[in-house]
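All remarks here apply to the structure that follows.
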Amino acid sequence: QVQLVESGGGLVQAGGSLRVSCQVSGRTFSSYSIMGWFRQAPGKEREFVAAFSWIDGTYYADSVKGRFTISRDNAKNTVYLQMNSLKPEDTAVYYCAAAGNEGAITTAYTYHYWGQGTQVTVSS
């Protein structure tokens, strides 16, 4: 059974940093074509944050480019999202997602597996 479990969320002041993690199990880590992070703020739709594809490399939403970094540790089957220079508008539930096939990297329907989410709150 495929499982994605996020951790590392919390409360941080504006300008601070936070790293969220996603532990992946159930399939060989490298068998996922795309690993990504999305977020959803209250009253808003889920939006793409960052992802990496074995074929196309890494992608970032314009709103986080230069501040967030996605990375992975194959030995630990873990994907990370390092978030620096956080802003109050980054406040959201952050979801890890995995896709078994290549597809539109920034679109939620591309991803087959989702974690339960971890709350990130940035205070002003």
Could you tell me if [Y] and [X] have a donor-acceptor pair between their side chains, going purely by distance under 3.5 Å?
| X | Y | value |
| --- | --- | --- |
| Y80 | R19 | no |
| D73 | T78 | no |
| Q119 | T121 | yes |
| E6 | S21 | no |

**Prompt:** Counting heavy atoms not belonging to K44, are there more than 12 under 6.0 Å from its NZ?
**Reply:** no

**Qualifying residues under ring-ring contact (aromatic ring centres under 6.0 Å, His included), relative to F52, sequence neighbours excluded** = W54

**Contacts of type ring-ring contact (aromatic ring centres under 6.0 Å, His included), residue F38, not counting sequence neighbours** = F48, Y111, W114

**Asked** Are W37 and L86 linked, directly or through other ILVMFWY residues, by side chains that come within less than 4.5 angstrom of each other?
**Response** yes

**Asked** Do you reckon M35 sits in the same ILVMFWY cluster as V20, going by side-chain contacts under 4.5 Å, direct or chained?
**Response**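 As far as the 4.5 Å side-chain criterion goes, V20 and M35 are connected within one cluster.
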
**Prompt:** Hey, are D90 and K87 close enough for a salt bridge, meaning a charged N less than 4.0 Å from a carboxylate O?
**Reply:** no

**Message:** For Y94 and F68, take the angle between the two ring planes, folded into 0 to 90°, and tell me which bin it lands in: parallel under 30, tilted 30 to 60, perpendicular over 60.
**Reply:**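 It falls in the tilted class, 30° to 60°.
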
**Asked** Just checking, R39 and Y95: is the charged tip under 6.0 Å from the six-membered ring centre and within 45° of the axis?
**Response** no

